[in-house]
> 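I am attaching a structure below and will ask some questions about it afterwards.
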Amino acid sequence: MKKVIPLFIVFTLLSYFANSNLFDSNASKIQPENYSNGINNIYSGKIVSPAKYKITAKLLTDENLIDVKAEIMWTNRSAKPTNEIYFNLPRNPNVTDITSSSIKIKKLAINNLSSEFIFPDKIGVVKNNGTVAKIELLKKVFPGETKQIDIEFSLEIPPSKNSWGYAEGRNFYFIADWYPKIAVLKDTGWVCYPGDSNLGVYSDFADYEISIITPESYTVGGCGIASKQSIANNRTLFKFEQNSIRDFAWFATDDIINARESYETLSGRSIEIELFIQKEREGYKDRYFQAVKKSFDFLFENIGEYPYQKFTVVDVPRTSGSEGMVFPTLATFKAPLIAPVYIHEPELKIAEAVAKQYFYGAVAVDGYSEQWIESGVPSFLAAQILENNYDARLNYFELASYYPIFGMNFLSYNEIPIIYTIGSYQLAPGTFSLQEYYKDPFVGSIADKSYSFPDGLSYKLNTLHKPKLMFLTLASYIGSNKLLNILSNVYQEFQFKHLSGDQFVKCINEESQKNLVWFFENLFYNSKYFDYSVRSIEKISETNYEVFVQRSGDGIFRNKIALITKSDTLLQYWDGIEKWKIFTFETNNKVIAAVIDPDRINLFDMNFSNNSMMASPNYWPPISLATRWFFWMQNALMILGSI
């Protein structure tokens with residue numbers, strides 16, 4: 001059983017680290033000749049971004065406000081002319097009414113001619129909540145033509161919630177979704193959606209030159225390559241440059257630790273890893289760096305080249321709601337103060353963030369409609385990263401929502417465990433997603449539009465948990481190496497392009513060299529109920545046995561049928577279409593049991609307990625289980641009766 005470090009020891013160690021020179025190290029030099037404006041030179045000339053943003057933002061900490069001047073050079077890269085330009089406007093995560101919007105436009109001009117935003121009532125079939133605006137042009141913009149858009153505005157910074165804002169009690173500002181962003185123009189027209197706290201903004205690749213002015217004592221981190229200089233009135237200017245990214249976010253604070261290291265890639269290039277960490281969690285510094293490097297190791301080997309020069313990780317304060325945010329070259333997370341290594345809590349979050357740099361950062365996805373790609377694929381890859389680099393995760397529960405204890409908690413009262421077991425219980429990949437899947441597996445399918453789900457649970461299930469389970473199931477069915485190779489080919493083909501779900505499924509079907517139409521019909525395009533079971537084992541002669549199997553749900557999956565004997569295991573295969581079937585096995589050995597799906601490939605099966613049957617009954621397991629159950633129930637009643 002793994003032991004948790006007592007609290008006083010943890011604080012003693014943190015005190016030691018706080019007074020040491022742990023972070024007083026220099027990052028290895030990055031070869032700038034391999035990069036241009038933050039992007040690998042191997043992509044030079046292959047990417048033509050439709051927009052260039054040149055923005056200056058002044059952070060006014062006394063007023064929780066930023067003053068912004070933006071110059072946007074936008075080029076029509078589609079095959080058709082347009083007489084309008086659509087924008088996604090900043091949204092306040094604390095309000096939904098446009099009358100309470102936190103953005104105040106001071107100036108808007110197109111090629112130096114004054115203009116104004118127009119707010120459509122609807123965007124397609126979705127009501128506009130004030131976060132989508134357009135400019136109507138006097139003349140059409142033909143393919144290849146460029147327009148200059150100048151915008152001046154101020155933006156109130158809200159208390160941190162959902163994604164961005166200032167952290168209560170700390171001088172920490174995380175600024176995302178903060179500037180008017182031009183929507184995606186395709187040959188079929190503009191693709192734009194109202195802002196939603198659960199859904200991503202669909203955006204195109206662009207080049208950024210961002211200047212941020214802060215009080216002199218502040219440090220700023222953000223997407224891309226940074227430099228800084230002191231300016232007048234006790235202020236500092238931080239300048240960021242980064243080409244070919246889909247968004248830009250940044251943070252500012254006067255109290256954080258900064259560390260840098262370089263990562264040597266398989267191709268011989270170096271990537272700069274920059275870490276901003278809260279002082280109370282500085283003892284995790286090496287774990288953070290190792291988690292980033294191990295994630296890159298796996299992805300470079302199995303998926304492909306990371307296209308950017310830098311990756312920045314920001315550990316946000318406890319009072320910030322900006323954890324778990326991922327942007328191109330930038331990610332945030334919030335680690336617990338006590339996180340034993342076998343929990344792998346920060347490691348998993350970092351692995352998911354690095355994987356999102358591939359399937360979100362470098363491959364454009366319509367996150368508003370098909371969030372499952374940029375959530376489910378990185379979640380699956382993160383599971384592979386942990387499985388290949390760390391010991392199995394152990395199940396744990398928290399005492400008073402704070403102190404981790406390895407084991408299983410079955411009943412609590414006021415956050416105090418009452419019925420529990422202490423021990424080292426390994427978690428298989430996908431365990432948490434399975435727990436969520438069992439809550440409500442039938443509302444919607446993965447292929448449904450992300451914005452169409454009726455509540456947060458169905459949204460999370462169909463954009464994160466079910467896609468992760470689908471990829472884990474697919475990896476078991478066709479082989480992990482085969483699936484990783486397919487994902488690598490998809491990544492190589494769609495780098496700096498837009499990937500749709502249908503294109504993704506088509507690539508998997510074509511490259512798997514297997515008929516997977518049935519797979520996606522059952523697990524992706526529809527929400528099916530899976531329950532395969534063994535009904536009986538019957539000895540019909542000295543050497544022949546009949547195994548009666550059944551399909552209770554409407555979901556169809558191709559399964560193995562295993563007959564386990566004292567000396568070996570016999571296998572047969574079933575396409576799973578019939579509602580029931582009888583398989584005949586011949587053996588001279590003593591038969592012990594029969595199992596359907598013995599490798600547990602289909603993680604969507606709702607009841608694994610009926611997947612097997614013993615040839616003869618064994619009474620000891622239920623007796624043992626019943627004895628333990630009565631013991632714990634008796635103790636629970638005694639404790640509750642004394643409260």
> Check Phe604, Tyr437, Phe442 against Tyr529 for a ring pair (Phe, Tyr, Trp, His ring centres under 6.0 Å) and give me the one that passes.
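When ring pair (Phe, Tyr, Trp, His ring centres under 6.0 Å) is applied between Tyr529 and each of Phe604, Tyr437, Phe442, only Phe442 qualifies.
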> When the aromatic ring centroids of Phe496 and Phe205 are compared, is their separation below 6.0 Å?
yes
> Would a distance-only check, ignoring hydrogens and angles, find a side-chain to backbone donor-acceptor pair under 3.5 Å from Ser512 to Ile508?
yes
> For Leu523 versus Ile446, what's the shortest heavy-atom pair and its separation?
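So the two residues come closest at O-CD1, 3.5 Å.
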> Which of these, Lys334, Lys285, Arg281, sits in a side chain to side chain donor-acceptor pair (under 3.5 Å) with Asp315?
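Result: among Lys334, Lys285, Arg281, Arg281 is the only option passing the side chain to side chain donor-acceptor pair (under 3.5 Å) with Asp315.
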> Report yes or no: does Ser369 contribute a side-chain atom to a donor-acceptor pair with the main-chain N or O of Asp366 at less than 3.5 Å?
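Between the backbone of Asp366 and the side chain of Ser369 there is no qualifying donor-acceptor contact (under 3.5 Å).
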> Check the angle between the aromatic planes of Tyr358 and Phe300 and answer parallel, tilted or perpendicular using the 30° and 60° thresholds.
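Ring orientation, 0 to 90° scale: perpendicular.
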> Is Lys310 salt-bridged to Glu274, going by a charged N under 4.0 Å from an acidic O?
yes
> Considering residues, nucleotides and ligands other than Lys506, do more than 12 of their heavy atoms fall under 6.0 Å from its NZ?
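Counting other residues, nucleotides and ligands, NZ of Lys506 stays at 12 neighbours or fewer.
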> Do Asn559 and Asn602 pass the side-chain hydrogen bond (donor to acceptor under 3.5 Å, both in side chains) test, and can you show the C-alpha distance, the side-chain angles, and the key distance before you say yes or no?
CA-CA 8 Å; Asn559 295 295; Asn602 181 14; 5.3 Å; no
> Please check: side-chain N/O of Asn526 versus main-chain N/O of Lys528, any donor-acceptor pairing under 3.5 Å?
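No; zero donor-acceptor contacts below 3.5 Å.
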> With rounding to the nearest 0.5 Å, note down the distance linking OG in Ser567 to CG in Asn588.
10.0 Å
> Apply the test side-chain hydrogen bond (donor to acceptor under 3.5 Å, both in side chains) to residues Ser36 and Asn41: give CA-CA distance (whole Å), side-chain angles for both, the deciding distance (0.1 Å), then the verdict.
CA-CA 6 Å; Ser36 298; Asn41 285 335; 2.8 Å; yes
> Within this structure, what is the CG-CG distance for the pair Leu563 and Asp568, rounded to the nearest 0.5 Å?
8.5 Å
> Tell me, with the steps shown, if Phe296 and Tyr263 meet ring-ring contact (aromatic ring centres under 6.0 Å, His included).
CA-CA 9 Å; Phe296 273 127; Tyr263 168 80; 5.6 Å; yes
> Do Lys356 and Glu374 meet the salt-bridge criterion of a basic N to acidic O distance under 4.0 Å?
no
> Give me the atom names and distance for the closest heavy-atom approach of Ile577 to Arg551.
O-NH2, 2.7 Å
> Shortest non-hydrogen contact from Cys223 to Asp247?
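It is SG-O, 4.2 Å.
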> Output yes when Lys349 and Glu352 qualify as a salt bridge under the 4.0 Å nitrogen-oxygen rule, no when they do not.
no
> Ignoring hydrogens and geometry, is there a side-chain-to-backbone donor-acceptor pair from Asp605 to Tyr532 under 3.5 Å?
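Yes.
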> Take Leu330 and Val314 through the test side-chain contact (heavy atoms from CB on, under 4.5 Å) and record every step on the way to the result.
CA-CA 8 Å; Leu330 174 71; Val314 186; 3.6 Å; yes
> How long is the span from the CG atom in Asp531 to the CD atom in Gln550, to the nearest 0.5 Å?
8.0 Å
> Without swapping roles, check the side chain of Asn302 against the backbone of Phe298 for a donor-acceptor pair under 3.5 Å.
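Side chain of Asn302 to backbone of Phe298: a pair is present.
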> Might you point out which heavy atoms bring Ser445 and Ser527 nearest each other, and give the distance in Å?
CB-N, 4.0 Å
> Please lay out, stage by stage, how Ser500 and Asp502 fare under the test side-chain hydrogen bond (donor to acceptor under 3.5 Å, both in side chains).
CA-CA 6 Å; Ser500 71; Asp502 287 339; 5.5 Å; no
> Run the numbers on Phe333 and Tyr288 for ring-ring contact (aromatic ring centres under 6.0 Å, His included), then give the verdict.
CA-CA 11 Å; Phe333 72 100; Tyr288 293 163; 4.8 Å; yes
> So does Asn462 get a backbone contact from the side chain of Asp448, meaning a donor-acceptor N/O pair under 3.5 Å?
no
> Is it true that the side chains of Glu511 and Asn489 contain a donor and an acceptor less than 3.5 Å apart?
yes
> Report, as yes or no, whether the 6.0 Å neighbourhood of atom NZ on Lys579 holds more than 12 heavy atoms from other residues, nucleotides or ligands.
yes
> If you draw the axis of the six-membered ring of Tyr477, does the NZ or CZ of Arg558 fall within 45° of it and under 6.0 Å from the ring centre?
no
> For Tyr390, is the NZ or CZ atom of Lys294 found under 6.0 angstrom from the centre of its six-membered ring and inside 45 degrees of the ring axis?
yes
> OH/Tyr545 to CG/Asn589 distance, rounded to the nearest 0.5 angstrom?
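Going from OH on Tyr545 over to CG on Asn589, the span is 9.0 Å.
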> For Lys466 and Pro441, which heavy atoms make the closest approach, and how far apart are they?
NZ-O, 3.4 Å
> So do Ile42 and Arg269 actually touch side chain to side chain, heavy atoms under 4.5 Å?
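Of all side-chain heavy-atom pairs linking Ile42 with Arg269, at least one is under 4.5 Å.
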> For the pair Phe585 and Glu546, evaluate side-chain contact (heavy atoms from CB on, under 4.5 Å) and give the outcome as yes or no after the intermediate values.
CA-CA 6 Å; Phe585 291 86; Glu546 286 186 347; over 6 Å; no
> Do Ser270 and Glu272 get their side chains close enough for a donor-acceptor pair, meaning under 3.5 Å?
no
> Where the side chain of Gln242 meets the backbone of Gly38, is there a donor-acceptor pair that is under 3.5 Å apart?
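Between the backbone of Gly38 and the side chain of Gln242 there is a qualifying donor-acceptor contact (under 3.5 Å).
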> What distance do Ile350 atom CD1 and Glu345 atom CD have between them, rounded to the nearest 0.5 Å?
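Separation between the atoms: 10.5 Å.
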> When you look at Ile273 and Phe289, which way does the side-chain contact (heavy atoms from CB on, under 4.5 Å) test go after all the steps?
CA-CA 8 Å; Ile273 303 170; Phe289 275 126; 3.7 Å; yes
> So does Gly224 get a backbone contact from the side chain of Thr329, meaning a donor-acceptor N/O pair under 3.5 Å?
yes
> Pair Asp575, Lys581 - check side-chain contact (heavy atoms from CB on, under 4.5 Å), show working.
CA-CA 10 Å; Asp575 60 15; Lys581 192 166 183 177; 5.6 Å; no
> Does the ring of Tyr284 carry Arg287 above it, NZ/CZ under 6.0 angstrom from centre and within 45° of its axis?
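Yes, cation above the ring, under 6.0 Å and within 45°.
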> If you count the non-hydrogen atoms of other residues, nucleotides and ligands that lie under 6.0 Å from CH2 in Trp580, is the total more than 12?
no
> For Leu299 versus Val354, what's the shortest heavy-atom pair and its separation?
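Reported closest heavy-atom pair: CD1-CG1, 3.6 Å.
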> Please report the C-alpha distance between Lys560 and Asp597 in whole Å, then the side-chain angles of each, then the deciding distance to 0.1 Å, and finally whether the salt bridge (Lys or Arg N to Asp or Glu O under 4.0 Å) criterion is met.
CA-CA 5 Å; Lys560 294 177 184 176; Asp597 191 13; over 6 Å; no
> Relative to the ring of Phe327, is the ring of Phe174 parallel (under 30°), tilted (30 to 60°) or perpendicular (over 60°)?
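Ring orientation of Phe174 relative to Phe327: tilted.
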> Could you check whether any side-chain N or O of Asn243 sits under 3.5 Å from a backbone N or O of Ile39, counting only pairs where one atom can act as donor and the other as acceptor?
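No: the side chain of Asn243 does not pair with the backbone of Ile39.
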> Determine yes or no for a side-chain-to-main-chain donor-acceptor pair under 3.5 angstrom, with Ser533 supplying the side chain and Arg535 the backbone.
no
> Pair Tyr308, Gln357 - check side-chain hydrogen bond (donor to acceptor under 3.5 Å, both in side chains), show working.
CA-CA 9 Å; Tyr308 301 114; Gln357 298 303 311; over 6 Å; no
> To the nearest 0.5 Å, what is the distance between CD1 on Ile271 and OH on Tyr35?
5.0 Å
> What orientation do Phe504 and Phe471 show, parallel under 30°, tilted 30 to 60°, or perpendicular over 60°?
tilted
